[in-house]
Amino acid sequence: MKGIEYRGVTSVDGPIVAVRRSENIFYGETVYVRDRSGAKTTGRVIDVSDNAAVVQIFGSTTGLDLEETSMEFLDTPLELRVGEGLLGRIFNGLGEPIDGYPQIISSKKMNVNGNPINPYARVYPRDFIQTGISSIDGMNTLIRGQKLPIFSGNGLPHNKLAAQIIRQARLKNSDDQFVMVFAGMGIKYDVARFFIDTFESSGVLSKVVMFQSLADAPSIERIITPRCALTAAEYLAYEKGMHVLVVMTDMTNYCEALREISTTRGEVPGRKGYPGYLYSDLAELYERAGRIKGSEGSITQIPILTMPNDDISHPIPDLTGYITEGQIVLDREMSQKGMYPPVSGLPSLSRLMKDGIGKGMTREDHAAVASQLFAAYSKVKSIRNLAAIIGEEELSPLDKNYLQFGEKLENEFFTQGEYEDRSIEQTLDLGWKILSLLPREELYRIKPEMLEKYLPSAVKAEHTGVSASA
C-alpha cells in the first residue's frame with residue numbers, strides 16, 4: 001500500500017466525493033476517507049481525469065468537511081480475503097464478517113472485480129442439475145455452469161423457491177456436492193432471517209457463504225455485494241474444485257443503486273433513467289458463471305429479480321434475458337390460485353436444456369415429453385381464451401379434453417410441496433401420466449417407439465392412481 005494521502009476535497013454530493021489531485025491514482029483503487037475526528041470509511045475510485053478523481057463512498061458522507069477531510073489512496077483494488085474458512089460464514093456487502101466471528105485467517109486476497117476469462121478456456125455446460133422441482137427439471141432444465149434467472153414480482157414466493165433449489169440441488173450422475181454462495185442486495189431483515197433459518201434447519205448452512213447488504217445499509221454497498229459473492233465463488237470453484245451455486249437477490253435493487261450513482265454523477269440517462277452501461281455492467285456479473293478448462297469446479301448462477309409492475313419488458317429483465325441462457329418466470333395468477341411454485345409454463349425457458357438431457361444424462365424420453373407438454377399446454381391457453389368468448393359448453397369434446405389436461409398439468413405437475421423433492425424419473429413419469437389423458441394422435445411430438453415403450457404404463461397408472469414407475 002503506498003498510502004498517499006490528500007487533505008481536502010472539492011465537493012461532496014451524496015455518496016460521491018471529488019478530490020482535485022489524481023497523480024498515480026487508478027480506476028477502481030481502494031480509498032480510505034477520514035473525517036476531522038479520524039473516523040474511517042472505505043471508498044473506491046470511479047472516475048479519473050487529468051487533475052481530479054471521483055470517489056464512491058461505501059457509507060455515510062454526513063459530516064465530511066471540505067477542508068479537513070483526508071483521503072488515503074491504497075494502490076490496490078477492492079479485495080476480498082478468501083480461504084478455507086469461507087464456508088458457513090455470513091458477511092456484509094463489503095465482505096466484512098457480521099456473524100460475530102472474526103475475519104477468516106488467510107493471507108490470500110482476490111480482486112472483487114474478477115479476472116477476464118479467455119472464451120477459449122470455457123467449457124460448454126452439459127451436466128444436468130436436479131432441483132427436485134418438476135416445472136424446472138422437466139421443462140426448463142438447469143445445467144451446471146448455466147446462468148438461469150428467476151423473473152418474479154413483489155409478493156411472489158421467489159425466495160421460497162430459491163431456498164428450495166439451494167436445499168435440493170444436486171448433480172444427477174455424480175456424488176459431487178454443491179456449495180452455495182448467497183448474495184442479498186437491499187433485502188429486508190425478515191428475508192435475510194428467512195434464508196439463515198432455512199439453511200440452519202435443513203443443515204446446509206455449513207456449505208453456504210452469505211453476503212448480505214440489508215435494506216438499511218448504504219445503497220451504494222449493493223454495487224459491491226454481488227462482486228464479493230462472485231469472487232468467493234470463483235475461489236471455491238476454480239481454486240478448490242467445488243461446484244458452486246450462486247443465488248443473487250434482488251438484482252432490481254442492484255440496478256436501482258446503479259441508477260442512483262449515475263444520477264448523482266450527472267450522467268445522461270438511458271431507458272427509464274438507468275445508465276446506458278446497464279447492459280455491460282450486468283454482463284460483468286452474469287458472465288462470471290461457467291466452467292473453465294483445467295478446473296474441476298463450476299459456477300452456476302440463479303439471479304433473482306422482481307419485475308417492476310410485473311413488466312417483463314422493463315429494462316432490467318429485458319437486458320438480463322439477452323445475457324443469460326433463459327429465465328424462470330413466476331406467474332401472479334397461478335400464485336393467487338394457491339399453486340406453488342407458480343412457474344409460468346410458456347414464458348419460461350432454458351436455452352441450454354437440449355444439451356444436458358437425454359439418454360445417459362436424464363432419460364431418453366425427456367426432450368420429447370418436455371416438447372409435447374409445451375405444445376399441449378400452449379393449446380390449452382388458446383382453448384381457455386376461446387371458452388371465455390363462446391362458453392365452455394360450446395367447445396368440442398377434444399377441446400374439453402385439453403382443458404382437463406391443463407387442469408391436471410397445473411395441479412399435479414406444476415404444483416408440489418415446498419419440501420417435496422422429486423427425482424427426474426418421477427417427474428417424467430408424471431408427465432407421461434398427464435399426457436395419457438390426450439388421444440394418442442395428439443401426441444405428435446413423440447416418436448412412435450417411445451409411445452409404445454412409455455404410454456401403456458402411463459395409461460395404466462392414470463387409471464389405477466399409482467405412479468408409472470411403480
Side-chain angles (χ1 to χ4, degrees), residues 131 133 135-136 138-143 146-162 164-165 183 185-187 191 222 226 246-259 269-287 289 301-337 339-353 370 373-375 377-382 384-385 388 406 409-410 414-415:
T131 66
I133 301 167
S135 52
I136 296 176
M139 299 173 71
N140 305 286
T141 307
L142 179 62
I143 306 299
Q146 185 178 8
K147 36 196 183 290
L148 188 65
I150 296 176
F151 289 2
S152 184
N154 289 317
L156 296 182
H158 44 269
N159 293 324
K160 189 187 296 186
L161 178 59
Q164 184 173 2
I165 292 173
M185 293 153 284
I187 58 175
V191 174
R222 299 170 197 168
V246 181
V247 174
M248 301 187 294
T249 181
D250 177 348
M251 293 306 297
T252 300
N253 291 337
Y254 171 84
C255 295
E256 294 291 345
L258 266 186
R259 181 164 65 174
R271 292 168 59 191
K272 291 189 181 294
Y274 293 95
Y277 51 80
L278 180 62
Y279 178 90
S280 58
D281 193 283
L282 288 173
E284 277 184 24
L285 302 179
Y286 297 146
E287 291 298 339
Q301 276 188 26
I302 303 181
I304 301 173
L305 58 92
T306 51
M307 300 177 291
N309 299 318
D310 293 353
D311 179 13
I312 201 169
S313 65
H314 186 276
I316 302 173
D318 187 34
L319 296 178
T320 294
Y322 281 117
I323 303 165
T324 56
E325 294 112 5
Q327 66 273 335
I328 303 297
V329 182
L330 302 191
D331 183 83
R332 189 170 299 278
E333 186 178 340
M334 294 172 71
S335 180
Q336 289 171 342
K337 290 180 180 178
M339 297 169 59
Y340 174 85
V343 175
S344 188
L346 300 184
S348 300
L349 169 70
S350 173
R351 295 190 182 96
L352 297 185
M353 175 175 173
L373 287 172
F374 266 118
Y377 193 52
S378 176
K379 194 165 184 178
V380 168
K381 292 286 189 178
S382 299
R384 284 176 176 171
N385 291 336
L409 182 69
E410 291 176 345
F414 290 160
T415 303

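- Counting heavy atoms from C-beta outward, Pro341 and Ile133 have side chains that approach closer than 4.5 Å.
- Checked by atom type and distance alone, the side chain of Ser378 never pairs as donor or acceptor with a backbone atom of Phe374 at under 3.5 Å.
- A side chain to side chain contact (heavy atoms under 4.5 Å, CB included) with Met353 is found for one member of Ile143, Ile136, Thr141 and no other, namely Thr141.
- In this structure, the side chains of Lys160 and Gln164 stay at 4.5 Å or more apart for every pair of heavy atoms.
- At least one side-chain heavy atom of Leu346 sits under 4.5 Å from a side-chain heavy atom of Lys381.
- Remark: Asp250 engages Thr252, Thr306 in a side-chain hydrogen bond (donor to acceptor under 3.5 Å, both in side chains) (not counting sequence neighbours).
- Checked against side-chain contact (heavy atoms from CB on, under 4.5 Å), Pro347 has the following partners two or more places apart in sequence or in another chain: Val329, Ser344.
- By the salt bridge (charged side-chain N to carboxylate O under 4.0 Å, His left out) test, Asp318 pairs with Arg271, sequence neighbours left out.
- The nearest pair of heavy atoms linking Pro317 to Ile312 is CG-O, 3.6 Å.
- The side-chain hydrogen bond (donor to acceptor under 3.5 Å, both in side chains) check on Ser135 picks up nothing, with sequence neighbours excluded.
- Annotation: side chain of Pro226 is in contact with side chain of Met185 (closest heavy-atom distance under 4.5 Å).
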Below 3.5 Å, can you tabulate the donor-acceptor pairs from side chains in residues 273-281 to any protein atom, sequence neighbours excluded?
| unit_1 | atom_1 | unit_2 | atom_2 | d |
| --- | --- | --- | --- | --- |
| Tyr274 | OH | Glu256 | OE2 | 2.8 |
| Tyr277 | OH | Glu267 | OE1 | 3.0 |
| Ser280 | OG | Tyr277 | O | 3.0 |
| Asp281 | OD1 | Tyr254 | OH | 2.3 |

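- Asp331 places no side-chain N or O within donor-acceptor distance of the main-chain N or O of Val343, the cut-off being under 3.5 Å.
- Qualifying side-chain hydrogen bond (donor to acceptor under 3.5 Å, both in side chains) partners for Gln301, counting only residues two or more places apart in sequence or in other chains: none.
- Contacts of Asp310 classified as side-chain contact (heavy atoms from CB on, under 4.5 Å), with partners at least two apart in sequence or in another chain: Arg332.
- How far CG of Leu305 is from OG1 of Thr320: 5.0 Å, rounded to the nearest 0.5 Å.
- Shortest non-hydrogen contact noted between Val247 and Ala162 is CG1-CB, 4.2 Å.
- Under the ring pair (Phe, Tyr, Trp, His ring centres under 6.0 Å) criterion, Phe414 pairs with Tyr377, sequence neighbours left out.
- Listed by chain and residue number, Asp137 satisfy the side-chain hydrogen bond (donor to acceptor under 3.5 Å, both in side chains) test with Thr131 (two or more places apart in sequence, or in another chain).
- A heavy-atom distance below 4.5 Å is found between the side chains of Leu282 and Cys255.
- Look at Glu410 and Arg384 and you find a salt bridge, because one of the NZ, NE, NH1 or NH2 atoms lies within 4.0 Å of a carboxylate O, short of that distance.
- Taking a 6.0 Å sphere around CG of Asn385, one finds it holds more than 12 heavy atoms contributed by other residues, nucleotides or ligands.
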N/O donor-acceptor pairs under 3.5 Å from side chains in residues 147-156, not counting sequence neighbours:
| unit_1 | atom_1 | unit_2 | atom_2 | d |
| --- | --- | --- | --- | --- |
| Lys147 | NZ | Glu325 | OE2 | 2.7 |
| Ser152 | OG | His158 | ND1 | 2.6 |

